[in-house]
Structures are given as C-alpha cells and as structure tokens.
Q: 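Questions regarding the structure given below will be posed in turn.
Side chains included, hydrogens not; waters and symmetry mates left out as well; all remaining heavy atoms used. Everything numeric in this text was worked out from a predicted model, so none of it was measured. One-based numbering, in listed order, for ligands and for the atoms of each.
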Amino acid sequence: MKSILKTFVFVLFILSIVACATKATTSVASLETAPTKEFAVANFSEDQLNQGKTLFENNCAQCHKLFNPDSRDAEKWNNVLKRMIPKTDLAYEEGRLVQGYLVANSK
Ligand code: HEC
C-alpha cells in the first residue's frame, strides 16, 4: 500500500515537472536567437512587448541611462544584449521579452 502511494506521488512529481517545462518553452518559443525587427513585431503579442518594456525600464538603468530602442538596429541590439542581459538578474524568459521589445522597436 505504501509503495502505491509513493508511486502516485512520484508520478505527480514528474507530471508537474513536465507541465512547468512545457509552459516555460511555449510562452516565448516563437523567439529566434537573433530575431529581426519583422520577426519580433510579428511574433510578440502586445502584452509581451509591454512586459518587455517594463522589464527593460526596471533592469537596464542600474548602471547607465536607458538607451532608446530606436538608437540601434536589430543586429546591434542582439549583440549588445548578449553582454547586457547577463549583467542583470533577469531570468532567461524575461531577457527574451526585453530583447523582443527592443528589437521590435529598433531602428
Ligand atoms: C551591471 C551594470 C549594467 C547593467 C545592469 C546593464 N548594463 Fe548596459 N552597459 C554597462 C556598461 C559597463 C557598459 C559600457 C561597456 C560595454 O559596452 O560593455 C554598457 C553599455 C551598454 C550599451 C552601449 C553598448 C554599445 O556597444 O552600444 C547599451 C546599448 C546597453 N548597455 C544596454 C543595456 C541594456 C538593454 C541592459 C538591460 C538588459 C543593460 N545595458 C544593463 C553596464 C550595465
């Protein structure tokens, strides 16, 4: 009886891991590694772009002023963000939202 319960708890545990992993990969799954402006505009919802903007404003002005999204083109932003996102406490998915916002509004 005890082992049945253990098995049940174990299965629930696995299921919850699978559920979380699936969720994490689907919500920003549409984002390429180095998105073009057209790609970001087409694949990010308004909600995601707004979240990206807020995360950008709250995390990217700790060391310097906020740079205007249209101060750089998509390629430049993709390169700069490789260096800047690791300087922040942003989780992977949050970093992707910031990238989406900046690239979608780039030059
Ligand atoms: C821990 C401090 C720190 C944080 C946080 C930080 N930056 Fe920077 N940033 C720097 C420093 C230092 C430089 C200048 C040296 C360099 O370019 O690497 C810089 C330079 C830049 C530049 C100009 C670089 C270029 O080559 O054009 C941009 C644009 C930029 N940061 C954007 C961002 C964005 C967007 C974020 C948020 C995701 C961010 N930064 C977060 C420290 C930081």
Q: Hey, does Val98 have a side-chain heavy atom less than 4.5 Å from the side chain of Asn59?
A: no

Q: Determine, counting only non-hydrogen atoms of the protein, whether one lies under 4.0 angstrom from atom 15 (C) of ligand 1.
A: no

Q: In terms of hydrophobic clustering (I, L, V, M, F, W, Y; side-chain heavy atoms under 4.5 Å; direct or indirect links), are Leu49 and Val41 co-clustered?
A: no

Q: Tell me whether Trp77 contacts the main-chain N or O of Ser106 through its side chain, where contact means a donor paired with an acceptor under 3.5 Å.
A: no

Q: Around atom 8 (Fe) of ligand 1, what protein N, O or S atoms are found below 2.8 Å?
A: His64 NE2, Met84 SD

Q: Could any protein non-hydrogen atom be found less than 4.0 Å from atom 37 (C) of ligand 1?
A: yes

Q: Would you call Thr36 and Val103 a side-chain contact if the rule is heavy atoms closer than 4.5 Å?
A: no

Q: Of all residues at least two apart in sequence or in a different chain, which pass the side-chain hydrogen bond (donor to acceptor under 3.5 Å, both in side chains) check with Lys37?
A: none

Q: What do you think, any protein heavy atom under 4.0 angstrom from atom 12 (C) of ligand 1?
A: no

Q: For residues Gln99 and Pro35, determine if any side-chain heavy atom of one lies less than 4.5 Å from a side-chain heavy atom of the other.
A: yes

Q: For atom 27 (O) of ligand 1, grab the closest protein heavy atom and report residue, atom and distance to one decimal in Å.
A: Arg72 NH2, 2.8 Å

Q: Would you call Asn79 a ligand 1 contact, heavy-atom distance under 4.0 Å?
A: no

Q: Could you name each residue pair satisfying salt bridge (charged side-chain N to carboxylate O under 4.0 Å, His left out) that touches residues 48-66, not counting sequence neighbours?
A: Lys53-Glu57

Q: Could you list all the salt bridge (charged side-chain N to carboxylate O under 4.0 Å, His left out) pairs where at least one residue sits in residues 67-87, not counting sequence neighbours?
A: none

Q: Aromatic rings Phe56 and Tyr101: how do their planes relate, parallel, tilted or perpendicular, breaks at 30° and 60°?
A: tilted

Q: Heavy-atom contacts with Leu81 under 4.0 Å: which atoms of ligand 1 show up? List them by number with element.
A: 35 (C)

Q: What atoms of ligand 1 come closer than 4.0 angstrom to any heavy atom of Gln62?
A: 5 (C)

